[in-house]
Amino acid sequence: MVVAKIRYEEGSYEGEVNEGKIPEGNGLFEYRGDDENGRMSYEGGWKNKAASGLGTMRWQNGDRYEGEWQGGLRHGSGKYFSKSTGGKYEGEYENDVKSGSGKYMFNNGDYYDGEWKNGLRHGKGLYVWKELNEKYEGQWEAGLKEGQGV
């Protein structure tokens with residue numbers, strides 16, 4: 001692989017490229033300040049000018065995702081940190097949304113640990129309200145408790 005510095009309309013890239021000067025391998029992409037998705041930078045693996053493999057995306061609002069990517073989307077295992085809410089998610093993603101198993105921790109100590117689908121709590125999971133000293137363990141559907149639980 002060859003290392004190059006390339007300017008694009010949406011920002012600049014520095015890292016490994018293939019023979020066609022397309023980002024492939026490891027590199028850093030710094031987005032312009034007016035990125036429509038609020039992205040600031042991505043550092044990690046690339047394939048065909050898209051985030052692929054392991055990498056870290058940082059947003060202008062202070063949010064950060066560290067984990068696996070495929071085709072420019074969060075896909076696989078990763079950790080997401082929300083600066084504005086103080087929330088943290090560690091788990092699986094599919095096509096850029098929470099899907100599979102994962103744990104979301106709220107800044108007040110509450111947490112949900114269980115299954116996700118389309119970015120919502122879905123399937124078997126445990127939700128703990130720390131300050132209330134209460135919990136619900138059971139089924140979830142589209143983000144809502146389903147049934148009695150324990």
Side-chain angles (χ1 to χ4, degrees), residues 1 8 10-18 22-150:
M1 290 281 171
Y8 293 97
E10 61 267 40
S12 60
Y13 173 82
E14 183 173 350
E16 297 175 314
V17 296
N18 62 20
I22 303 293
E24 195 159 316
N26 288 308
L28 169 66
F29 194 100
E30 294 179 309
Y31 295 87
R32 292 178 13 178
D34 62 351
D35 179 65
E36 64 186 36
N37 296 311
R39 297 171 295 189
M40 188 169 72
S41 68
Y42 170 80
E43 185 169 15
W46 291 87
K47 187 173 183 179
N48 294 325
K49 199 186 165 195
S52 183
L54 292 177
T56 300
M57 177 72 77
R58 297 177 191 280
W59 284 267
Q60 295 169 14
N61 66 4
D63 290 4
R64 182 177 81 246
Y65 171 79
E66 302 169 357
E68 296 178 296
W69 295 82
Q70 182 178 324
L73 303 174
R74 292 170 285 191
H75 196 89
S77 297
K79 299 176 185 177
Y80 186 89
F81 306 91
S82 173
K83 184 177 180 183
S84 64
T85 67
K88 298 173 188 161
Y89 172 76
E90 185 170 351
E92 299 172 342
Y93 281 84
E94 186 175 321
N95 295 318
D96 224 30
V97 295
K98 298 176 201 84
S99 188
S101 62
K103 182 175 185 177
Y104 188 93
M105 295 157 281
F106 297 86
N107 68 347
N108 66 356
D110 293 359
Y111 68 87
Y112 170 79
D113 191 1
E115 297 172 353
W116 297 80
K117 183 177 179 182
N118 297 323
L120 300 171
R121 296 182 288 266
H122 192 91
K124 186 175 167 103
L126 167 68
Y127 194 109
V128 174
W129 292 268
K130 185 180 177 190
E131 287 187 20
L132 299 175
N133 199 26
E134 293 180 11
K135 69 178 183 175
Y136 170 82
E137 186 169 11
Q139 291 296 315
W140 294 79
E141 188 166 331
L144 303 173
K145 294 185 282 186
E146 179 72 24
Q148 296 300 310
V150 182

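For the single chain, residues carry numbers from 1 onward in sequence order.
None of Met57, Gln60, Met40 except one satisfies the side chain to side chain contact (heavy atoms under 4.5 Å, CB included) rule with Tyr31; the exception is Met57.
The two residues Gly72 and Ala50 come nearest to each other via the heavy atoms N-CB, 3.7 Å. The minimum heavy-atom distance between Pro23 and Tyr8, with the atom names listed, is CD-OH, 3.2 Å. Taking every heavy atom of both residues into account, Trp116 and Arg121 meet most closely at CE3-N, 3.7 Å. In this structure, Leu28 and Ser41 approach most closely via the heavy-atom pair CD1-CB, 4.2 Å. The shortest non-hydrogen separation linking Ala51 to Tyr42 is CB-CZ, 3.4 Å.
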Name each donor-acceptor pair under 3.5 Å that joins a side chain in residues 91-103 to protein atoms two or more places apart or in another chain, with its distance.
{"residue": "Glu92", "atom": "OE1", "partner": "Ser101", "partner atom": "N", "Å": "3.0"}
{"residue": "Asp96", "atom": "OD1", "partner": "Arg74", "partner atom": "N", "Å": "2.9"}
{"residue": "Asp96", "atom": "OD1", "partner": "Arg74", "partner atom": "NE", "Å": "2.9"}

Between side-chain atoms of residues 126-135 and protein atoms elsewhere (two or more places apart, or another chain), which donor-acceptor pairs fall under 3.5 Å?
none

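By the ring pair (Phe, Tyr, Trp, His ring centres under 6.0 Å) test, Tyr136 pairs with Trp140, sequence neighbours left out. Every residue two or more places apart in sequence or in another chain was checked for a side-chain hydrogen bond (donor to acceptor under 3.5 Å, both in side chains) with Ser84, and none qualifies. By the side-chain hydrogen bond (donor to acceptor under 3.5 Å, both in side chains) test, Thr56 is found to be paired with no residue, residues two or more places apart in sequence or in another chain being considered. Every residue two or more places apart in sequence or in another chain that forms a side-chain contact (heavy atoms from CB on, under 4.5 Å) with Gln70 is listed here: His75. Shown here are the side-chain contact (heavy atoms from CB on, under 4.5 Å) partners of Glu146, two or more places apart in sequence or in another chain: Gln139, Glu141. For Asp113, the side-chain hydrogen bond (donor to acceptor under 3.5 Å, both in side chains) test picks out no residue, with sequence neighbours left out. A search for salt bridge (charged side-chain N to carboxylate O under 4.0 Å, His left out) contacts involving Glu10 returns Lys49, not counting sequence neighbours.
Residues in residues 23-38 take part in these salt bridge (charged side-chain N to carboxylate O under 4.0 Å, His left out) pairs, two or more places apart or across chains: Arg32-Asp34, Asp35-Arg39. Pairs engaging residues 61-72 under the salt bridge (charged side-chain N to carboxylate O under 4.0 Å, His left out) rule: Arg64-Glu66 [sequence neighbours left out].
Counting heavy atoms from C-beta on, the side chains of Glu115 and His122 never come closer than 4.5 Å.
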- Trp59 and Tyr65: side-chain contact (heavy atoms from CB on, under 4.5 Å), yes or no, with the steps? CA-CA 9 Å; Trp59 284 267; Tyr65 171 79; 3.9 Å; yes
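Side-chain atoms of Glu16 come within 3.5 Å of backbone N or O of Asn26 as a donor-acceptor pair.
Ring-plane geometry between Tyr13 and Phe29 is classed as tilted, the angle between the planes lying from 30 to 60 degrees on a 0 to 90 degree scale.
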